[in-house]
Amino acid sequence: MDENGATPNVEDSELHSQLPVSGLYESWFLDYASYVILERAVPAIEDGLKPVQRRILHALNEMDDGRFNKVANVIGSTMQYHPHGDASINDAIVNLGQKELLFDTQGNWGDLRTGDRAAAARYIEVRLSRFSKEIVFNSDTTEWQLSYDGRKREPVTLPVKFPLLLSLGVEGIAVGLSTKILPHNFCELIEASVDILQGKEVVIYPDFLTGGHIDVSNYGDGHRSGKVRVRAKIEEEDKKMLVIRDIPFGTTTSSLIDSIIKANDGGKIKIKKVVDNTAADVEIQVHLAPGVSPDITIDALYAFTECEVSISPNACVIIEDKPHFVGVTDILRYNTQQTVHLLKRELEIRRLALLEKILYGSLEKIFIENRIYRDIEECETFEDVIRTIDKGLEPFKPQFYREITDEDIVELTEIRIKRISKYDGYKADELMKKWQDELAETEDNLANITRFAIDFFKDLLKKYGKGRERRTEIRAFNQISANVVAANNQKLYVNRAEGFIGYGLKKDEYVMDCSDIDDVIIFRSDGKCLVTKVQDKVFVGKDIIYCAVFLKNDERKVYNLTYIDGKTGVSYIKRFQVTAVTRDREYDLTQGTPKSKITYFTSNENGEAEIITVSLTAQSKAKVKQFDFNFADLLIKNRSAMGNILTKYTVRKIVMKQAGRSTLGGVDMWFDPIIGRLNRDERGEYLGNFGSTDSILVIYKEGSYELTNFDLTNHYVSNEVLLVKKFDPKLPITALYYDGGQKHYFIKRFTIETSSLDKKFLFISDAKNSKLILASADKRPRFEVVHAKNEKRDQLHEEFVVEDLVDVRGWKAMGYKLSIDKYKEIRWLESLAVLVEDELVIDIPDLHHETEEGDSEATENKEIQESESGESEINQEETEPENTKDKDAQDDSKPKKESKKGTDPKSQLGLFE
């Protein structure tokens, strides 16, 4: 009998026990596979999140009060929405936290590089970052659904206004398929989104928090057929040791070391030992076996260990509840357009809210100023009150954007008498005007939604882009670098007469080193200028007068030029810059008239302005047929400027009389000791402001010094360099070294007496085992010697003032012998204050400079023309108006971008006859 007391039907029980199993497995398996794909492993394209990640973010937003929350509490809150165990939620939180974008974290969250796990959930804390609050959440634009148990509501997808999926990357294994989307650079994604909105083609490549090098030649837009190769960054410490600084994505220091040991055990490489010194930065020391070549070992590490890994992307996302295989560019385009859609919805909501504010403000103003509230004093019922107020509003209804409802009138009846008595019409009008201005701005943004979206992306980049620059260097593993880090793997040649340039013209004139992805700028004698991509051989027009590698936005490079106008025969003179151009488009530097011709041209890396001598023809009517002109008297304009009139008479020749100095300000330089490079981005130690004649002093640990230029391409190997400073010939250098021949320690002070660049000079003993201990460029340095405990000395710590021990001598002097035998440590102390003895220091203005500026300003309104007496007059007024900057009068102008290609010839044209 059943629970109701009825006897069960025997035929029905037999029928249930004999159900066919055919089709049940297929149905159940598809249901299970669909569930895993949609609810576990594959992210949605809308917000780039898996369900567990989405629920974590929603739970954190519900909990958010600005303070950190224990991860254990976050897990508990998330389980209200996620019907699975706490372990998967904890792993997902840690994974998101280690990506340093959506969360602010506190505590031990583990390390992606070493593979160390995070501490237990009860010990670590988390909260939403400012970035995630701005771009992930908006309840007004979120589509909601009930949670699994119906008690809560959760988002179907979050309204993310950013390509979050491509920034974070994702990896998941479902039933029958998997997904693997590599992380991309934050700043590059925003820039690419802006390019998409501007109608440009975009290409994006992965970027990893672990750094290293990546070869993207076979990336294939992230499709299943694509592949990237990622390498560790390996440096040659010396002939006996290699140092690994960055590791490939997907590996850890432990797994990499294990692979090196395995390769050594297999006889594929020969090493003595591997030491892991990883702390704040990765540092794995590989000590080589005697007689082993470091270069061959580096190749072997890439070939046989995890120092190089191959990663196959597989971009699979959920679109309309189905998995789709797409490219990363398609994902970026979708996310960009979705951002535009979400911004439009937010603006529409804002517009509606403002319309409602304006409507109610207008109703309140009419209700009070027209004293409609007095008409309801004799009304007996609330319905009569509503009808009376509605009747009073009737003449004003046409001005409203919608009909007035009973609910609107009810709100008017709720206005307090106190508020009516204190109503200020002027303030109300001001508030209405503010709302109307905001409404006009909102409607303008709606009408120009693409412009608004571009500004939104640019604002994101400005607020959150700092510190998120590319960490993984894009390179081709055949030593051909990409983008900014391009290697000089080619040589640029030119055939001036025939008009060809390229790296395949081996028999023609050599110009400079370049890479095969560089752009080249070309100037022709007919006054045309163009920029083209370097190729094996390309025709750019005959009679080339100058060509070089083009650096975009180089505001330090200035071109000085004179030309003859083909129509009038008048000679013009100009200084200009070429900072940005459209590739393969010709720009006219003259007035565009036929037979115009350049008569003088120089390219100046640091804005130098020379003095030229202009010689007129013998048949000229001018009394003075030769005069000088200083380019420094000209303002720096843009390339399209017509220029100033140099002379109206026929010119026989123009030659340089005297090389000039830069009219631009100096360059502020910093030295980053970690990567061993100079920079202008305020990273590392500030070296000073550099003029065109300044140089860098480098002191090496081997006991030699070298003077170099301040080109940004200079590389000072960090483990070889002891000191990098701006060179001052009057500043004494202090060096403490060990003489291996005499077996004594010496200290010396000397000034640099050589001037040759890029040549090393040994300033300590060349005896075997000699070594440099300390070096300083301070004026009054002090040092301390910590003696070993086994030495019989009254004091284990001795302090010395260098100037009391030794005077300044030549760089070849041996120095003062120190009574040091065995020591534990020698270190610099804080230097003494610099004294000015018997000297009155007064800041005197540079009168000569001011006079030159005054002269320059005084001559602005003169005109260069030949009078009957043959005297030259100067005119600085351009024939056409332009928005330009006086680069000559600004000492703090933007620093020059140094060419990474080597020395660019100052001029390839100096004389025309």
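It should be emphasised that the depicted structure is a prediction, and the values quoted were computed from it without experimental measurement.
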Carboxylate-amine/guanidinium proximity below 4.0 Å for Arg471 and Glu188: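 Salt bridge flag = no for Glu188 with Arg471.
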Sequence neighbours excluded - ring pair (Phe, Tyr, Trp, His ring centres under 6.0 Å) pairs with any residue from residues 97-120: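 Residue pairs with at least one partner in residues 97-120: there are none.
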Within residues 233-271 or reaching into it, pairs that qualify as ring pair (Phe, Tyr, Trp, His ring centres under 6.0 Å) - sequence neighbours excluded: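 Ring pair (Phe, Tyr, Trp, His ring centres under 6.0 Å) check on residues 233-271 returns Phe208-Phe249.
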Sequence-distant partners of [X], ring-ring contact (aromatic ring centres under 6.0 Å, His included), two or more places apart:
| X | value |
| --- | --- |
| Tyr302 | none |
| Tyr123 | none |
| Tyr737 | Phe746 |

With sequence neighbours excluded, what pairs up with [X] under the salt bridge (Lys or Arg N to Asp or Glu O under 4.0 Å) test?
| X | value |
| --- | --- |
| Arg224 | none |
| Lys760 | Glu702 |
| Asp116 | none |

If you take the centroid of each ring, where Trp contributes its six-membered ring, are Phe162 and Tyr464 closer together than 6.0 Å?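 Distance test on ring centres: not under 6.0 Å, no.
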Between Arg229 and Asp215 (side chain of the first, backbone of the second, donor and acceptor by atom type, cut-off under 3.5 Å), is there such a pair?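 Side chain of Arg229 to backbone of Asp215: no pair is present.
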Under 3.5 Å, side chain of Ser129 to main-chain N/O of Leu101, donor-acceptor pair present?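 Yes, Ser129 side chain to Leu101 backbone: donor-acceptor pair under 3.5 Å.
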Residues which pass side chain to side chain donor-acceptor pair (under 3.5 Å) with [X], listed by chain and number, not counting sequence neighbours:
| X | result |
| --- | --- |
| Thr532 | Asp584 |
| Tyr510 | Asp513 |
| Thr329 | Asp221 |
| Ser312 | none |

